[in-house]
2 protein chains.
Amino acid sequence: MAGDGGLQSVRRAFAILDAVAAGGDAGTGVTAIAAATGLAESTAHRIAATLVSLGALRRLPDRRYALASRLIWLGAAAASASIDRAVPVLTRLVETLGESANLAVLSGDRAEYVAQIPSPHSMRMFTEVGRRAELNCTGVGKAMLSALPDDRIEAIIARTGLPQKTEHSISEPDALWAEIAAARARGWVLDEQEQELGMRCIAAPIAGPAGDVYAVSVSGPLTRITDALIERAVPLLTGAAEEIAGLLDGSRPPRNRPD
Amino acid sequence: MAGDGGLQSVRRAFAILDAVAAGGDAGTGVTAIAAATGLAESTAHRIAATLVSLGALRRLPDRRYALASRLIWLGAAAASASIDRAVPVLTRLVETLGESANLAVLSGDRAEYVAQIPSPHSMRMFTEVGRRAELNCTGVGKAMLSALPDDRIEAIIARTGLPQKTEHSISEPDALWAEIAAARARGWVLDEQEQELGMRCIAAPIAGPAGDVYAVSVSGPLTRITDALIERAVPLLTGAAEEIAGLLDGSRPPRNRPD
DNA sequence: CGGCAATCTTCCGTATTGTGGAAATCTTCT
DNA sequence: AGAAGATTTCCACAATACGGAAGATTGCCG
């Protein structure tokens, strides 16, 4: 093996998958892939073609590449064990705080809820797992943004804009950047009725070892997610984030990034 | 490139990921990986080590390998676009039949619900997306089993047994194999209160181009999922399976496999 | 429609990377 | 402690992957 990284061509294949994932849902051309990975265009083309034949990438009509279904399947298989291991952590959050706990993953330009332990209260925030949500107006979305490099955030905002779910949703880029800065400083974010009127949510980001990004959150109605509960919940939440990070391949919460 | 498959080492890396995915949640050793892929043990070891350094595999304390979180992330990113494209198909099913429609993926040894369009009826089957379910006693599970090679089915059964959710759940391997044979013959399966008392579900398998397996289903309470509705729904369901297969990288429904 | 620029695709000589057999090491069981 | 099986390391070498160059395609503009 040349160095500690193992097989060069396998590493390059994953770099190409990352570049395509970062390129957004409209697809990524060979020139952009080559630029993002530092590979020659013909090399990038050949590896991308291999990934297409393997079902990990697909070709769009305009010759761009997008992620494909073999990754869905492998991801689901990988998630089977990892999320199962996160469930007890979420469960303890719920038992301690009495509110719903969620785990989300950054999925394209949106947040996808991948696990939820519901609150025992009859009135609770109802989040369908598998549902995708905007990044700018959800706790988990803002938490995950805070774990991304600035240029990645800019690319996402350029593609998605800042969709409005309620009158409280963040509608100005400056306000979102301020939220991100605050999240980076204190390690958690608050969704103050931005996703849904009457609902409040706190969330903490989790960074995986390879650029994968998640968030864990606690959510419920405004009447119960008081400032006192938030104060009590934050250390538990950030502790849960750390614990889940450890379960997801020994990763750690993100360091602050003063880009 | 040697042949049409592209880079040999990238193909081998994915073959190793498949072998680890097929090996179950307890992990897979180098010798088993080498046997499953036909590679030399030292080659398999080196590629697996590369995948560990990339975050696609992780090492267990007993030196076995398991799928890791980079695949969750890539899978979620890939799912972002693919499932979005399947949602209109599910929606049309619901609008036509008036019952909930679901999309599930084979996730480890279980079925994971990845999308759901709920029925407009106030009493409906409530399936939390992201929830995992047993393969032997769910429509989507049995449908997906029917799309797998027999030896893969045997390995799954050996690991999971045949868990019982209701008194109707399939508890004998012979009965499950008969269900699988029937599913292969007609292209869809029926869950007759096996997952939940009072609930009925029909499901059709979808095979991806690279061994990835999904199922689309229509479900509801016994009182509404009548034989007449099933008769009416089956061609719509299998048509939806075909359509979703086409959206998931041009794949087609599985051919019968008379192993 | 033609021209142009940008992007994509193919080809090929070659050197670098990946290979697999053999040996060494580790782990588990009796 | 010994044996057997599994895992890991090493290294010579050949086969695979590489990238530059040339050719092909696409989209835009006048």
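Proteins come first, then strands; the chains are lettered A, B, ... in the order of their sequence lines, and each starts at number 1. From a predicted model like this one, the values you see are computed outputs, not experimental measurements.
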Q) In whole angstrom, what separates A:Leu60's CG from D:dT26's P? A) 15 Å

Dump the pairs, protein N or O against N or O of nucleotides 19-21 of chain D, anything under 3.5 Å, distances to one decimal.
unit_1, atom_1, unit_2, atom_2, d
D:dG19, OP1, A:Arg12, NH2, 3.4
D:dG19, OP2, A:Thr43, OG1, 2.4
D:dG19, N7, A:Ser42, OG, 3.2
D:dG19, N7, A:Arg46, NH2, 3.1
D:dG20, O6, A:Ser42, OG, 2.9

(Q) A side-chain contact here means heavy atoms from C-beta on lying under 4.5 Å apart; do A:Ile157 and A:Asn136 qualify? (A) no

Q) Using a distance-only test with no angle check, is there a side-chain donor-acceptor pair under 3.5 angstrom linking B:Arg59 and B:Tyr65? A) yes

Q.
Looking at B:Gln164 and B:Ile170, would you say the former's side chain and the latter's main chain have a donor-acceptor pair under 3.5 Å?
A. yes

(Q) What is the distance, to the nearest angstrom, from the CD atom on B:Gln8 to the P atom on D:dA14? (A) 16 Å

(Q) With heavy-atom distances below 4.5 Å as the criterion, would you say the side chains of A:Lys142 and A:Leu176 are in contact? (A) yes

Q.
Considering every strand and a 4.0 Å limit on heavy-atom distances, what is the contact class for A:Arg64: base, sugar-phosphate, or nothing?
A. nothing

Q.
Counting C-beta onward and ignoring hydrogens, is there a side-chain heavy-atom pair between A:Leu90 and A:Leu103 closer than 4.5 Å?
A. yes

Q) Could you walk me through whether A:Leu148 and A:Ile156 pass the side-chain contact (heavy atoms from CB on, under 4.5 Å) check? A) CA-CA 10 Å; A:Leu148 295 177; A:Ile156 290 173; 3.7 Å; yes

Q: Would you indicate whether the side-chain heavy atoms of B:Ile16 and B:Leu51 approach each other to under 4.5 Å?
A: yes

(Q) Side chains of A:Leu67 and A:Leu57, heavy atoms from C-beta outward: is any pair under 4.5 Å? (A) yes

Q.
Below the 4.0 Å mark, does C:dT17 have OP1 or OP2 next to a side-chain nitrogen or oxygen of A:Arg11?
A. no

Q: Examine distances only and state if a side-chain atom of B:Ser169 and a backbone atom of B:Lys165 form a donor-acceptor pair shorter than 3.5 Å.
A: yes

Q) Does B:Arg184 pair with B:Asp150 as a salt bridge, N-O distance under 4.0 Å? A) yes

Q: Please state whether the phosphate of D:dT7, meaning OP1 or OP2, lies under 4.0 angstrom from any side-chain nitrogen or oxygen of B:His45.
A: no

Q) Whole-Å distance between D:dT7 P and B:Glu41 CD? A) 7 Å

(Q) What is the separation between atom CG on A:Leu7 and atom C1' on D:dC18, rounded to the nearest whole Å? (A) 15 Å

Q.
If you assign A:Tyr65 and A:Ser9 each to the DNA chain C nucleotide with the nearest heavy atom, which residue ends up on the more 5' nucleotide?
A. A:Tyr65

Q. Is the closest side-chain heavy-atom distance between B:Leu93 and B:Ile117 below 4.5 Å?
A. no

Q: Give, ordered by number, those residues of residues 27-36 of chain A having at least one heavy-atom distance below 4.0 Å to an atom of DNA chain C; if nothing qualifies, reply none.
A: A:Gly29, A:Val30, A:Thr31

Please tabulate the protein-to-nucleotide N/O contacts below 3.5 Å involving nucleotides 24-30 of chain C, giving atom names and distances.
none

